[in-house]
Amino acid sequence: MKLKYTVLIAVSALLSLTSCSDFLDQQPDNRIELNTEDNIIKLLVSAYPTGNYGWLGELSSDNIIDNNAPHYPANPSAAQVLAKYNLAAYDRGDEELFRFEQVKSNTQQDSPDYIWESFYNGIATANHALAAIDEYTKKHGGTMSAELTAAKGEALLIRAYSHFILVNLFSQAYKDDTNSKNDVGIPYITSPEDKVLVNYDRGNVADVYAKIQNDLEAGLKLISDVNYKTAPKYHFNVNAAHAFAARFYLFKHDYDKVIEHADAVLGTNPSAMLLDYTIFKDCVTGEDYINRWHDPSVNNNLMLLSTSSIQQRRTTQTRFAFNGQPAKDILFHRPGVYWGSGLNGCPTAFQDGSLFYSGSQDYGYIAMKVGEDFEYTDKVQGIGYPHLIRREFTATELLLERIEAKILSKDKRNLSGAMDDILALIKSRQSFSSEVVQQMTSYGMFMPTAEQVLSYYKQSTNPNCYSDWSFAKNMGVDVPAECVPYMNAVNDLRRMDHVMDGLRFFDLKRWGIEYSHFYGPNNVEYKLTWNDPRRAIEIPGDVMSAGLATSRPAGELSGKNDEFIAK
């Protein structure tokens with residue numbers, strides 16, 4: 001049985017914790033009773049959402065094109081002739097999302113419905129764990145063991161993280177405490193629910209952020225690594241908690257706290273935590289590369305999530321793909337700052353398994369870091385479950401957040417420190433096997449100086465560079481003229497590192513970057529201005545039917561389908 005609240009929280013998996021129904025007394029599906037510390041801690045394993053927002057974010061960003069719209073090949077070595085295809089989308093929901101419409105045709109993996117329900121299910125489980133911890137503590141003298149203290153911290157962090165992802169997907173990006181009170185938020189659920197129908201208020205973005213911060217800071221005080229001696233990276237370990245805090249405070253523009261939490265993980269010498277691309281040197285098969293990317297022993301991976309996703313299938317020879325101009329902007333403009341003029345593209349894309357051709361480069365590129373791991377329940381019938389291990393927090397992302405914070409902090413601006421981190425990141429991207437290093441060096445790869453990096457990112461030929469960042473003021477981000485080349489570097493480096501992760505969508509929203517999607521053989525433009533209501537993905541239809549407010553104010557599309565006109 002599948003029950004839905006107004007916010008679409010499924011409670012069937014948790015009814016044994018709240019119901020006295022006779023048919024549940026036998027616990028036919030091994031549901032646990034939360035009457036021991038061990039059982040409470042085990043419950044938190046199921047509090048991590050299985051939904052993966054990677055494809056939702058990518059398809060809503062400027063990283064994906066419609067292969068059926070006229071476009072030039074990404075590879076500059078290919079004949080630059082306009083091409084268009086007649087490929088089918090993986091499903092109609094992808095077409096709706098690409099046009100910035102409400103998704104009505106798909107409720108399965110990677111859809112807004114699936115993400116919404118999955119994250120609220122995780123929140124519900126975390127709330128049951130928190131209630132069980134409080135009840136258990138009262139029965140045992142009011143004190144908590146180290147294990148239960150850590151479990152409470154973990155539950156609070158899961159609750160904060162889940163709401164954080166939801167508000168950044170289904171609401172406008174945070175601007176500041178004043179302006180964000182005008183933007184609709186998402187329901188913030190802090191207690192277990194045992195009713196089927198509950199009316200929830202979405203509140204506003206500023207209030208949601210304040211509640212996230214309360215849970216985050218409370219969780220940080222309690223979290224430790226005591227409970228998970230095995231597979232700690234599939235949980236909110238201490239490093240992952242700091243990484244989440246850094247991301248949250250970056251989005252909230254509290255840059256000094258970003259630096260504080262990033263320093264707690266990276267220290268003053270981040271090199272040991274950054275990705276060493278020599279891990280790919282012995283890879284042969286696609287599975288080899290996937291396993292390397294998702295290896296929990298890799299220092300760069302701070303937290304991994306096991307999700308249910310078919311993202312890789314959606315980007316393989318289908319209508320919507322990482323191809324054309326976005327692939328050119330991310331991969332093929334690399335000659336210049338450190339790859340050398342003799343290279344056609346970024347070596348990390350084609351030399352070490354970062355990105356591979358997907359059957360034919362004409363149809364786009366796929367990333368091994370979002371490679372699928374299929375769990376067979378019946379190999380004869382070919383039946384099973386698709387899994388995708390999501391690298392939710394990495395040291396590379398954390399370093400990029402520290403770079404941005406050092407640039408934008410008004411009181412502790414540290415441009416030389418930001419450049420030191422940029423150079424450390426560039427160096428890590430050149431950590432190939434000796435054979436690849438030799439080949440790349442012969443093509444002109446070099447380790448640049450700070451002056452060379454600044455000179456490169458002042459130019460306008462890099463597609464991820466802007467002559468000024470005044471547009472970001474709309475989102476509460478002030479970028480002085482002296483900081484412009486540094487922010488260009490951040491934009492360029494983040495876009496490459498986060499390709500296929502979904503995080504690019506968040507960057508476009510929080511910086512106020514305007515962009516367009518071109519749809520179909522007639523190249524219809526769908527444009528998003530910085531304040532377009534469609535920057536918030538619409539919530540599932542059945543949730544709205546149950547009474548929850550829309551993510552977008554009343555409005556209509558102009559006759560050209562390229563602009564949203566708010567009424």
About how many Å separate CE of Met475 and OG of Ser180, when rounded to the nearest 0.5 Å? 7.0 Å
Using atom types as modelled and distance alone, determine if a side-chain donor or acceptor of Ser455 lies under 3.5 Å from a backbone N or O of Glu451. no
Heavy-atom donor-acceptor pair, Asp468 side chain to Ser470 backbone, under 3.5 Å: yes
If you apply the rule side-chain hydrogen bond (donor to acceptor under 3.5 Å, both in side chains), what do you find for Asn488 with Trp469, and how did you get there? CA-CA 9 Å; Asn488 284 338; Trp469 276 67; 2.9 Å; yes
Taking the six-membered ring for Trp, are the ring centroids of His71 and Phe518 within less than 6.0 Å of each other? no
How about OH on Tyr72, more than 12 heavy atoms from neighbouring residues, nucleotides or ligands closer than 6.0 Å, or not? no
Measuring from atom CG of Asp421 to atom CG of Leu266, what distance do you get when rounded to the nearest 0.5 angstrom? 7.5 Å
Can you classify the ring geometry of His387 versus Tyr385 as parallel (below 30°), tilted (30 to 60°) or perpendicular (above 60°)? tilted
Does a salt bridge link Lys252 with Asp254, judged by any charged N lying under 4.0 Å from a carboxylate O? no
Let me confirm one number: the OG1-CZ distance from Thr529 to Phe471, rounded to the nearest 0.5 Å. 14.0 Å
For Met273 and Asn299, the nearest pair of non-hydrogen atoms, with its separation, is CE-O, 3.7 Å
Does NZ in Lys257 sit with more than 12 non-hydrogen atoms of other residues, nucleotides or ligands closer than 6.0 Å? yes
For Arg390 and Glu392, run salt bridge (Lys or Arg N to Asp or Glu O under 4.0 Å): C-alpha distance rounded to whole Å, both residues' side-chain angles, the deciding distance at 0.1 Å, then the answer. CA-CA 5 Å; Arg390 181 174 176 84; Glu392 186 56 33; 2.4 Å; yes
Whether the side chain of Thr315 engages the backbone of Ile366 through a donor-acceptor N/O pair (distance < 3.5 Å, no angle test) should be reported. no
Run Ser111 and Asp113 through side-chain hydrogen bond (donor to acceptor under 3.5 Å, both in side chains) and show every step you take. CA-CA 5 Å; Ser111 69; Asp113 290 66; 4.6 Å; no
Considering all heavy atoms, the nearest Glu95-Ala89 contact: CG-CB, 3.8 Å
Ring center gap for Tyr114 and Trp116 short of 6.0 angstrom: no
Do Glu397 and Arg247 sit within salt-bridge range, that is, some charged N less than 4.0 Å from a carboxylate O? yes
Aromatic ring centroids of Tyr48 and His235 under 6.0 Å? yes
If we only count heavy atoms from C-beta on, is the Tyr457 to Val484 side-chain gap below 4.5 Å? no
Closest approach of Asp532 and Lys527, non-hydrogen atoms and distance? OD2-O, 3.6 Å
Would you confirm whether Asn522, through its side chain, and Val524, through its main-chain N or O, come within 3.5 Å as a donor-acceptor pair? no
Which atoms form the tightest heavy-atom contact between Val453 and Pro448, and what is the distance? CG2-CG, 3.8 Å
Aromatic contact between Tyr53 and Phe506, with the criterion being ring centroids under 6.0 Å apart: yes or no? yes
Is the shortest heavy-atom distance from the side chain of Phe432 to the side chain of Thr441 under 4.5 Å? no
Minimum heavy-atom distance between Arg535 and Leu508, given as atom pair plus value: NH1-O, 3.0 Å
With distance as the sole test, does Asn491 use its side chain to make a donor-acceptor pair with the main-chain N or O of Asn464 at under 3.5 Å? yes
The single option from Phe164, Tyr249, Phe251 that satisfies ring pair (Phe, Tyr, Trp, His ring centres under 6.0 Å) with Phe244 is Phe164
Among side-chain atoms of Asn67 and Asn323, is any donor-acceptor pair under 3.5 angstrom? yes
Atom pair CD/CD1 of Glu372 and Ile310 - distance to nearest 0.5 Å: 8.0 Å
Is it true that the NZ or CZ of Arg319 lies under 6.0 Å from the centre of Tyr519's six-membered ring and within 45 degrees of the ring axis? yes
Measuring from Leu528:CG to Ile513:CD1, what's the distance to the nearest 0.5 Å? 12.5 Å
Can you tell me how far CD1 of Ile539 sits from CG of Leu169, rounded to the nearest 0.5 angstrom? 13.0 Å
Counting C-beta onward and ignoring hydrogens, is there a side-chain heavy-atom pair between Tyr174 and Ile212 closer than 4.5 Å? no
In the structure I gave you, are the side-chain heavy atoms of Asn301 and His294 within less than 4.5 Å of one another anywhere? no
When you look at Asn168 and Tyr209, which way does the side-chain hydrogen bond (donor to acceptor under 3.5 Å, both in side chains) test go after all the steps? CA-CA 10 Å; Asn168 279 286; Tyr209 262 67; 3.3 Å; yes
Contact between Leu408 and Asp478 at the side-chain level, heavy atoms closer than 4.5 Å - yes or no? no
Given the rule in the salt bridge (Lys or Arg N to Asp or Glu O under 4.0 Å) test, do Lys104 and Glu538 qualify, once you have shown the distances and angles that lead to the verdict? CA-CA 10 Å; Lys104 300 178 180 179; Glu538 186 59 278; over 6 Å; no
Going by the rule side chain to side chain contact (heavy atoms under 4.5 Å, CB included), which residues pair with Pro70 if we only count those two or more places apart in sequence or in a different chain? Leu82, Lys84, Asn523
Given Asp94, which of Arg313, Arg314, Arg99 fulfils the salt bridge (charged side-chain N to carboxylate O under 4.0 Å, His left out) condition? Arg314
Side-chain contact test, heavy atoms from C-beta onward, threshold under 4.5 Å: evaluate it for Arg504 versus Val499 and give yes or no. no
Over 60° means perpendicular and under 30° means parallel, so classify the ring planes of Phe280 and Tyr289, tilted if in between. parallel
Any chance CD of Glu287 has more than 12 other-residue heavy atoms, nucleotides or ligands included, within less than 6.0 Å? no
What I want to check is whether the side chains of Asp183 and Ser171 have a donor and an acceptor closer together than 3.5 Å. no
Apply side-chain hydrogen bond (donor to acceptor under 3.5 Å, both in side chains) to Asn121 and Ser118, showing your working. CA-CA 5 Å; Asn121 280 340; Ser118 169; over 6 Å; no
Could you tell me if the side chain of Asn75 sits less than 4.5 Å from the side chain of Pro73, heavy atoms only? no
Should the pair Asp492-Arg495 be classified as a salt bridge under the 4.0 Å nitrogen-to-oxygen rule? no
Residue pair Phe119 / Tyr161, side-chain heavy-atom distance below 4.5 Å: yes
Under 3.5 Å, side chain of Asp497 to main-chain N/O of Leu493, donor-acceptor pair present? no
Taking atom CD of Gln438 as the centre, report whether more than 12 heavy atoms of other residues, nucleotides or ligands fall under 6.0 Å from it. no
Residue set satisfying ring pair (Phe, Tyr, Trp, His ring centres under 6.0 Å) with Phe98, at least two apart, ordered chain then number -> Phe320, His517
